[in-house]
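Report on the following structure.
When a residue number appears, it is its place in the shown sequence, counting from 1.
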Amino acid sequence: MKKILVVVCCGNLNGNTDKLANSFIEGLLETGHEVKKVFLGNKDIKGCKGCGACQLNHHICAIRDDMQDLYPLVNECDTIVIASPLYFWSISAIAKSFIDRLYALSTNDKYPRKNSILLMTAGDNQDWTFDHSLSYYHILTEALGWNDLGSYLAGGCKGESGNHSIDEKNLGEVYNFGKKII
Ligand SMILES: Cc1cc2nc3c(=O)[nH]c(=O)nc-3n(C[C@H](O)[C@H](O)[C@H](O)COP(=O)(O)O)c2cc1C
């Protein structure tokens, strides 16, 4: 059984990415994992300033925002799931801020060991739609020494403005992906 932290990095509660994360979580719970979900859309997670204070002060980030509540959750879990919409061919800004702020947990560029999973949604569904994000994610996991357990990328979530339309097929597939995490 894993202790899994699912970080939903988008502004739309019950939007495509949130729904994708929820279905994945259903699968994880079916398999008996302990899961915590955090929706970042209503949180204040500022970007890392690169001040280096965390490296001199016991891994305590100098920025006093909602990330302070997330550090203990990151420390407790063995697996981090990053769920993000594709924004201009990349992960969302809040996902990037969350990841950058993990720098506070590093020692000499070594990070606490974690498993990781990437979940994404996008409007387009070209074979290259997620290339940049996936490439970034693979470099990230490699650099942080994280064990990549895989990713699920749901393209074709078009929807008119305000009409979020992830396909049931995606939700079923990501649920099964969740069930397969051991
Ligand atoms: C600012 C912004 C940028 C976007 N950029 C892209 C993009 O580069 N490629 C794409 O396929 N979809 C893009 N989309 C569409 C979203 O990725 C897609 O609708 C996603 O499923 C929205 O997730 P949400 O419902 O969780 O907010 C963009 C949407 C927004 C709001």
Side-chain angles (χ1 to χ4, degrees), residues 1-15 17-85 87 90-120 133 136-152 174 177-179 181-182:
M1 188 191 80
K2 290 186 164 41
K3 289 184 85 166
I4 304 180
L5 177 65
V6 180
V7 188
V8 181
C9 307
C10 64
N12 289 312
L13 192 62
N14 211 27
T17 313
D18 194 35
K19 283 184 181 156
L20 192 74
N22 286 341
S23 294
F24 185 62
I25 289 170
E26 277 180 45
L28 293 174
L29 293 173
E30 189 89 7
T31 315
H33 297 296
E34 187 183 320
V35 181
K36 270 193 187 136
K37 176 190 168 190
V38 186
F39 178 74
L40 295 194
N42 51 17
K43 302 226 179 294
D44 176 25
I45 311 284
K46 295 189 175 64
C48 174
K49 291 181 193 289
C51 67
C54 56
Q55 301 300 301
L56 305 171
N57 190 21
H58 310 287
H59 305 287
I60 297 170
C61 177
I63 305 173
R64 312 311 290 175
D65 62 6
D66 292 333
M67 191 66 192
Q68 298 298 340
D69 299 332
L70 297 187
Y71 284 125
L73 303 182
V74 171
N75 282 328
E76 281 163 20
C77 76
D78 54 46
T79 303
I80 297 184
V81 179
I82 293 169
S84 171
Y87 277 3
S90 186
I91 57 170
S92 67
I94 197 160
K96 186 64 166 54
S97 288
F98 169 78
I99 292 166
D100 289 355
R101 295 285 295 282
L102 297 178
Y103 178 61
L105 304 178
S106 69
T107 305
N108 298 327
D109 282 333
K110 297 272 182 290
Y111 286 77
R113 289 200 62 88
K114 305 282 174 194
N115 305 302
S116 67
I117 293 163
L118 177 70
L119 307 178
M120 290 193 76
S133 302
Y136 163 73
Y137 171 69
H138 287 145
I139 292 167
L140 177 78
T141 53
E142 189 76 24
L144 271 57
W146 284 3
N147 178 33
D148 174 23
L149 298 183
S151 42
Y152 185 86
V174 83
F177 178 37
K179 276 211 304 189
I181 302 296
I182 44 166

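- For the pair Lys37 and Asp18, the minimum side-chain heavy-atom distance is below 4.5 Å.
- Atom CD1 of Ile82 and atom CE of Met120 lie 10.0 Å apart (nearest 0.5 Å).
- Residues Gly150 and Phe177 share a closest heavy-atom pair of C-CZ, 3.8 Å.
- Across all their heavy atoms, Ser23 and Val174 have their closest contact at CB-CG1, 3.6 Å.
- Within the 4.5 Å cutoff, the side chain of Leu119 has no heavy atoms near those of the Thr17 side chain.
- Note that the CG atom of Leu73 and the NZ atom of Lys3 stand 10.0 Å from one another [nearest 0.5 Å].
- Under the 4.5 Å side-chain criterion, counting only non-hydrogen atoms from C-beta, Lys43 is not in contact with Phe98.
- At a threshold of 4.5 Å between non-hydrogen side-chain atoms, the residues Phe39 and Val7 do not count as touching.
- Listed for the His59 side chain is a donor-acceptor partner under 3.5 Å among the backbone atoms of Ser106.
- Side-chain contact between Ile4 and Lys36 is absent, with no heavy atoms from C-beta onward closer than 4.5 Å.
- Checking side-chain atoms of Ser84 against main-chain N and O of Ser92 turns up a donor-acceptor pair under 3.5 Å.
- Here Lys49 contributes atom NZ and Cys54 contributes atom SG; the two are 13.0 Å apart, rounded to the nearest 0.5 Å.
- Residues Thr107 and Gln55 come closest through the heavy atom pair CA-OE1, 4.3 Å.
- Between atom OG1 of residue Thr31 and atom CD1 of residue Ile181 there is a gap of 8.5 Å, rounded to the nearest 0.5 Å.
- Surrounding CD1 of Ile182 are at most 12 heavy atoms belonging to other residues, nucleotides or ligands under 6.0 Å away.
- Rounding to the nearest 0.5 Å places CD1 of Ile99 at 7.0 Å from SG of Cys9.
- The backbone N or O of Cys77 lies less than 3.5 Å from a partner atom in the side chain of Lys114, making a donor-acceptor pair.
- Remark: the backbone N or O of Lys179 is not paired with any side-chain donor or acceptor of Glu26 at under 3.5 angstrom.
- Lys96 approaches Tyr136 most closely through the heavy-atom pair CD-OH, 3.7 Å.
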Pair Asp100, Lys46 - check side chain to side chain contact (heavy atoms under 4.5 Å, CB included), show working. CA-CA 10 Å; Asp100 289 355; Lys46 295 189 175 64; over 6 Å; no
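- Looking only at distances, no side-chain donor or acceptor of Asn108 sits under 3.5 Å from a matching main-chain atom of Lys110.
- In plain terms, the two heavy atoms of Ser116 and Thr141 that are nearest each other are OG-CG2, 3.2 Å.
- Side-chain contact between Asp78 and Asn115 is present, with heavy atoms from C-beta onward closer than 4.5 Å.
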Going through the distances and angles, do Arg101 and Asp66 end up as a salt bridge (Lys or Arg N to Asp or Glu O under 4.0 Å)? CA-CA 11 Å; Arg101 295 285 295 282; Asp66 292 333; over 6 Å; no
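- What you find for Phe24 and Ile117 is that their closest heavy atoms are CZ-CD1, 3.8 Å.
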Can you list the steps and then say if Tyr137 with Ile91 is a side chain to side chain contact (heavy atoms under 4.5 Å, CB included)? CA-CA 9 Å; Tyr137 171 69; Ile91 57 170; over 6 Å; no
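- For the atom pair CG of Leu70 and CG of Leu5, the computed distance is 7.5 Å after rounding to the nearest 0.5 Å.
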